[in-house]
Amino acid sequence: MRNEELKALFDQQAANYDQQWAGMTPIRDCLHLLLDALFSGLPENARILCVGAGTGVEMAYLAGRFPHWHFTALDPSGAMLDVCRLRATQDGFLSRCSFHQGYLETLATEPSYDGATCLLVSQFLTDPSARTAFFHDIARRLKPGGLLANADLAADTNSPAYQTLLRGWLKLMSSSDVPQEAIERARAAYAKDVAILPAHQVADLIASAGFEVPVQFFQAGLMHAWFSAQRGDC
């Protein structure tokens, strides 16, 4: 799926995105709980880059836990950023936010950030070299030793276990009031538009892009998450 098509898809979904995926909240909450613990050692006034910020759910969680952190919400979808901005306004942390509509390469390259989140974003880069470059672009914007939390769908799609996991994942989606057409769209996208790789390959891509060897700290169904520090040699 080309960037323009992906952006249009998220623009269309923005207004109802959180309601559509509300049934997945327990998975999201667990991920945030672990993210809280892993990021807790960052400076009191840390600057956090949220790559593919979407509607700002993880920003809102972290803003509530760390009242002096500043967040940069980066997303190509203006409609998603509108929802994110509204959330920040309603939750009272708008003054600690910056919003940047566009892709990562359009953001200033100075190493300004103490940490970065990138949740279910890199999987849309189906070319491994482009995905490595994407992680490298994040590393370049982190201070030396800055932390990355990345989550993506991951599995060995050639293994019998994948079909079992996929059936369970789609069943979970269907029980979350996700429209059937969206589920079928997801099934088709997983086959051609989403780079579902074995977990160790995703970790290798991150490590090759200027990060320490990532530690996998979370898995729920097809979703995996890794935690790593920028090596300081980007």
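- Taking the side chain as every heavy atom from C-beta outward, Arg140 and Pro111 never approach each other to under 4.5 Å.
- Between the side chain of Asp91 and the main chain of Phe93, no donor-acceptor pair closer than 3.5 Å is present.
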For residues 30-42, which side-chain donor-acceptor pairs fall under 3.5 Å, sequence neighbours excluded?
unit_1 : atom_1 : unit_2 : atom_2 : d
Asp36  : OD2    : Tyr61  : OH     : 3.2
Asp36  : OD2    : Arg65  : NE     : 2.4
Asp36  : OD2    : Arg65  : NH2    : 3.2
Ser40  : OG     : Ala37  : O      : 2.8

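- Rounding to the nearest 0.5 Å gives a distance of 10.5 Å between NE2 of His224 and CD1 of Ile196.
- Residue Glu105 qualifies as enclosed at atom CD: its count of foreign heavy atoms under 6.0 Å is above 12.
- Distance check: Arg47 CZ to Thr72 OG1 gives 5.0 Å after rounding to the nearest 0.5 Å.
- Between the side chains of Thr106 and His100, a donor-acceptor pair is found at a separation under 3.5 Å.
- Residue Leu94 is found in a hydrophobic cluster whose other members, listed by chain and number, are Leu81, Phe99; membership requires side-chain heavy atoms under 4.5 Å apart, directly or through intermediates.
- In this structure, Lys143 pairs ionically with Asp114, as a charged nitrogen and a carboxylate oxygen lie closer than 4.0 Å.
- A salt bridge links Arg131 with Asp152; the closest basic N to acidic carboxylate O contact falls under 4.0 Å.
- Rounded to the nearest 0.5 angstrom, Asn150 CG and Phe217 CZ are separated by 9.0 Å.
- Counting all heavy atoms, side chain and backbone alike, Glu58 lies closest to Thr117 at OE2-OG1, 3.3 Å.
- Minimum interatomic distance between Ala207 and Pro214 (heavy atoms only, all atoms of both residues): CB-CD, 3.9 Å.
- Taking the side chain as every heavy atom from C-beta outward, Tyr162 and Asp156 never approach each other to under 4.5 Å.
- Among all heavy-atom pairs drawn from Cys50 and Met59, the shortest one is SG-CG, 3.2 Å.
- Its side chain within the 4.5 Å cluster rule, Trp226 clusters with Leu49, Val51, Leu74, Leu104, Leu107, Tyr113, Val121, Leu125, Phe134, Phe135, Ile138, Leu142, Leu148, Leu197, Val202, Leu205, Ile206, Phe211 among the Ile, Leu, Val, Met, Phe, Trp and Tyr residues.
- The OG1 atom of Thr157 sits 10.5 Å away from atom CG of Leu222, with the distance rounded to the nearest 0.5 Å.
- When the side chain to side chain contact (heavy atoms under 4.5 Å, CB included) test is applied to Glu110, the partners found at least two apart in sequence or on another chain are Ala108, Ser112.
- Minimum interatomic distance between Gln216 and Ala199 (heavy atoms only, all atoms of both residues): OE1-CB, 3.8 Å.
- Once rounded to the nearest 0.5 Å, the distance linking CD of Gln13 with CD of Gln19 reads 12.0 Å.
- Follow the hydrophobic side-chain contacts under 4.5 Å out from Phe218 and you never reach Val57; the two are in separate clusters.
- Using a distance-only test at 3.5 Å, with no hydrogens or angles considered, no donor-acceptor pair links the side chain of Glu212 to the main chain of Arg231.
- Judged as a ring-ring contact (aromatic ring centres under 6.0 Å, His included), the pairs with a partner in residues 63-91 (not counting sequence neighbours) are, in order, Phe66-Trp69.
- Under the side chain to side chain donor-acceptor pair (under 3.5 Å) criterion, no residue pair touches residues 197-208, with sequence neighbours excluded.
- Residues Gly54 and Cys84 approach most closely at O-CB, 3.4 Å, considering heavy atoms.
- Between Ile27 and Ala220, the closest heavy-atom pair is CG2-CB, 3.8 Å.
- Met223 contributes atom CE, which lies 13.0 Å from atom CG of Leu165 (distance to the nearest 0.5 angstrom).
- Counting only heavy atoms from C-beta outward, the side chains of Trp21 and Arg28 never approach each other to under 4.5 Å.
- With hydrophobic clusters built from ILVMFWY side chains whose heavy atoms lie under 4.5 angstrom apart, Tyr103 does not share a cluster with Met80.
- With 3.5 Å as the limit, one finds a donor-acceptor pair spanning the side chains of Ser129 and Asp127.
- Side-chain contact between Tyr17 and Val83 is absent, with no heavy atoms from C-beta onward closer than 4.5 Å.
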